[in-house]
Amino acid sequence: MNFLIKTIGCQMNICESEKLGFALLAYGASKASSFVAADIIILNACCVRSQAEQKAFSYLGRLEEFKLEKSNVKIVVVGCMAERLGTKLKQRFKSVDLIIGAKETDSIALKIVNLYGNNTLKRKKINVVFDVVKYVIVMRGCNNYCSYCIVPFVRGNEKSFSARDIINECILAAENGTKEIILLGQNVNSYLYKNVNFTLLIKKIVSIKNIERVRFMTNHPKDLSDDLINVMATESKVCSHIHLPMQSASNKILKAMNRKYTYEHYLGLISKLRVAIPDINITTDIIVGFPGETEKDFEETLKAIKNIRFGWLYVFKYSHRPRTKIAEMIDDVTLVEKKRRHSIILKESNKISIEIASSMIGSLQTVLVEKVDKGIIEARTESGRKVFINGGNEKYLGLQFNVCIKEAKINSLFGCIV
Ligand code: SF4
């Protein structure tokens, strides 16, 4: 059985696809070298944003055509989109053979293998190839029910995974060359498994031999504890970067979003973080055009962005997602207006990002090499910025060294080894 996995979604989806791939390999399946060589094509698609869902629909449309030419290919849809739409997907795309929702993650590989007929497969021991940077999922689901978000409906309530399993996964990765662990979860800082909270989990991971860096995402401001800030400030292996979604700076909109914090509280966290970790890079998410967002609300968010000066931000135009609370309200900000607000925020944020990045020119930054391609080193600073360096080879992979920054762009820096 040759399988091909297509992922449309966030880092969580990518990570889950990777795990599914390993599980299928262990069942005796093989990775298909191309679309045409695949016996089973698996689409792991996100439905959190309508844009991702539209992309997934268009991919399924292409698969419908492909199945006309190769009728024995099996098409499987897994993940959030499968959970949200269930059998409706089959009504729209007749070529889909199997739909497995995000709440059934533990049994996906077995169901796929059964679909193919597992009597032809022989379980085998696989050698997992580890990268310098390894993503580790520590929890799934969310209890927060932000009024615009579909995640709790498609992924279920928060479930933290066993601390022992997470640590074992990190140890195995470290023994096989991984230098950096990125802990992933929808609401990572509310992790709690028995008596291990997120701060304790981090402390255990930084003590693993050969792990040199630890990062985590995504955080909810209401769960950012003093303990976690303290661990970021005192544990040298915890990177000085935090992604802390603000969404809006208008308290009226934050309340309508059910975010459970005020802008003043958020600002307090920023100041605590900057006092404890002076060089911290704080990044964020913003939604524009939320139902009821007036020009004044928008101006408050824009002003906050100018004041806080995020390292970078992701800005999204609000769109209704079915089943969410706010979808019952009228989506009253026009698309034209959403686009205008989106472009103003983007312009301002790009201006700030380039100013911050330019201020790093001439400085020395410690980077970890993640990739070397055609003599170009791709490395990352502690603060999460990508740095390109000319003149490297494979021997640099996984090493940390100092780089002098020579040039800055919005999303990347260019430097030379000192
Ligand atoms: S915290 Fe809110 S936005 Fe984030 S996953 Fe949970 S419900 Fe969605």
Side-chain angles (χ1 to χ4, degrees), residues 133 179-183 188-189 198-203 205-207 211-246 249 261-286 301 303-314 348-368 379-387 400-415 418:
V133 178
K179 303 286 183 192
E180 179 175 321
I181 297 287
I182 304 182
L183 302 171
V188 82
N189 53 345
F198 192 54
T199 310
L200 193 52
L201 182 72
I202 290 186
K203 283 186 182 165
I205 293 170
V206 292
S207 67
I211 292 298
E212 295 175 9
R213 284 181 170 185
V214 176
R215 300 181 193 277
F216 50 88
M217 62 182 183
T218 279
N219 299 275
H220 194 297
K222 80 170 171 43
D223 296 311
L224 181 58
S225 65
D226 289 350
D227 266 3
L228 182 55
I229 296 176
N230 189 39
V231 115
M232 290 184 76
T234 52
E235 291 286 354
S236 58
K237 290 184 184 177
V238 180
C239 291
S240 53
H241 173 210
I242 190 164
H243 189 73
L244 195 62
M246 179 174 81
Y261 55 84
T262 59
Y263 173 59
E264 291 70 28
H265 177 77
Y266 185 89
L267 212 49
L269 294 175
I270 300 288
S271 115
K272 275 187 192 176
L273 282 162
R274 285 188 168 149
V275 167
I277 313 139
D279 62 343
I280 193 166
N281 178 22
I282 303 172
T283 56
T284 201
D285 293 336
I286 299 290
T301 302
K303 193 170 156 204
I305 288 165
K306 288 179 183 171
N307 286 342
I308 296 172
R309 295 178 65 80
F310 296 102
W312 60 81
L313 61 79
Y314 301 101
E348 186 59 35
S349 125
N350 284 347
K351 181 175 147 266
I352 295 168
S353 294
I354 192 75
E355 281 168 10
I356 296 174
S358 300
S359 73
M360 295 169 81
I361 294 176
S363 71
L364 282 188
Q365 300 288 326
T366 307
V367 298
L368 173 70
R380 203 171 288 273
T381 64
E382 248 208 79
S383 60
R385 290 189 170 80
K386 204 170 244 196
V387 183
Q400 285 203 65
F401 47 77
N402 285 335
V403 164
C404 179
I405 304 301
K406 298 285 181 196
E407 199 190 330
K409 294 198 173 161
I410 292 173
N411 297 318
S412 49
L413 300 165
F414 297 81
V418 178

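- Atom CZ of R213 is separated from atom NZ of K179 by 12.0 Å, given to the nearest 0.5 angstrom.
- Looking at every heavy atom in both residues, I356 comes nearest to S359 through O-OG, 2.5 Å.
- Looking at V403 and T381, their side chains never come closer than 4.5 Å, going by heavy atoms from C-beta outward.
- Side-chain contact between I242 and F216: present, with at least one pair of heavy atoms (C-beta onward) separated by less than 4.5 Å.
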Item checked: Audit row: E382, T366, side chain to side chain contact (heavy atoms under 4.5 Å, CB included) steps and yes/no -> CA-CA 7 Å; E382 248 208 79; T366 307; 5.9 Å; no
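- Distance CZ/F414 to NZ/K409: 4.5 Å, rounded to 0.5 Å.
- Between I410 and I354 the shortest heavy-atom distance is N-CD1, 3.5 Å.
- The heavy-atom pair separating M232 from C239 by the smallest distance is CE-O, 3.7 Å.
- Rounding to the nearest 0.5 Å places OG1 of T284 at 6.0 Å from CG of L244.
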Next item on the list: Report the C-alpha separation of F310 and I352 in whole Å, then their side-chain angles, then the decisive distance to 0.1 Å, and conclude whether the side chain to side chain contact (heavy atoms under 4.5 Å, CB included) test is met.
Entry: CA-CA 7 Å; F310 296 102; I352 295 168; over 6 Å; no
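- Side-chain contact between R385 and M360: present, with at least one pair of heavy atoms (C-beta onward) separated by less than 4.5 Å.
- A276 approaches A233 most closely through the heavy-atom pair O-CB, 3.6 Å.
- Every residue two or more places apart in sequence or in another chain that forms a side chain to side chain donor-acceptor pair (under 3.5 Å) with K386 is listed here: E378.
- For residues 221-242, every residue pair satisfying the ring-ring contact (aromatic ring centres under 6.0 Å, His included) rule, not counting sequence neighbours, is listed here: H241-W312.
- Atom OG1 in T301 sits 6.0 Å away from atom CD1 in I286 (nearest 0.5 Å).
- Between E180 and R380 there is no salt bridge, since no side-chain N of the basic residue sits under 4.0 Å from a carboxylate O of the acidic one.
- Relative orientation of the Y261 and H265 rings is tilted, given thresholds of 30° and 60° on the angle between their planes.
- F198 places a side-chain heavy atom less than 4.5 Å from the side chain of V188.
- Considering only heavy atoms from C-beta on, D223 stays 4.5 Å or farther from L228 through its side chain.
- For the pair R274/I282, a side-chain contact is recorded, criterion being any heavy-atom separation below 4.5 Å from C-beta on.
- Looking only at distances, a side-chain donor or acceptor of K237 sits under 3.5 Å from a matching main-chain atom of I211.
- Listed by chain and number, the residues in a salt bridge (Lys or Arg N to Asp or Glu O under 4.0 Å) with D285 amount to none (sequence neighbours excluded).
- The CG atom of L273 sits 11.5 Å away from atom CG of N281, with the distance rounded to the nearest 0.5 Å.
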Notebook entry, point to check: Can you check side chain to side chain contact (heavy atoms under 4.5 Å, CB included) on Y266 and I308, steps first, answer last?
Noted result: CA-CA 10 Å; Y266 185 89; I308 296 172; 4.0 Å; yes
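- The number of heavy-atom neighbours closer than 6.0 Å to CG of N411, taken from other residues, nucleotides and ligands shown, is 12 or below.
- Across all non-hydrogen atoms, the minimal contact from D279 to S240 is OD1-CB, 3.9 Å.
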Margin query: If you apply the rule side chain to side chain contact (heavy atoms under 4.5 Å, CB included), what do you find for I229 with V275, and how did you get there?
Written below: CA-CA 10 Å; I229 296 176; V275 167; over 6 Å; no
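- Note on E235 versus K203: no salt bridge recorded, every NZ/NE/NH1/NH2 to OD/OE distance being 4.0 Å or above.
- A donor-acceptor pair is defined here as one N or O able to donate and one able to accept, closer than 3.5 Å; such a pair exists between the side chain of N189 and the backbone of H220.
- In plain terms, the two heavy atoms of P221 and L269 that are nearest each other are O-CD1, 3.3 Å.
- Checking side-chain atoms of T283 against main-chain N and O of L313 turns up no donor-acceptor pair under 3.5 Å.
- A distance of 11.0 Å separates CG in L413 from SG in C404, rounded to the nearest 0.5 Å.
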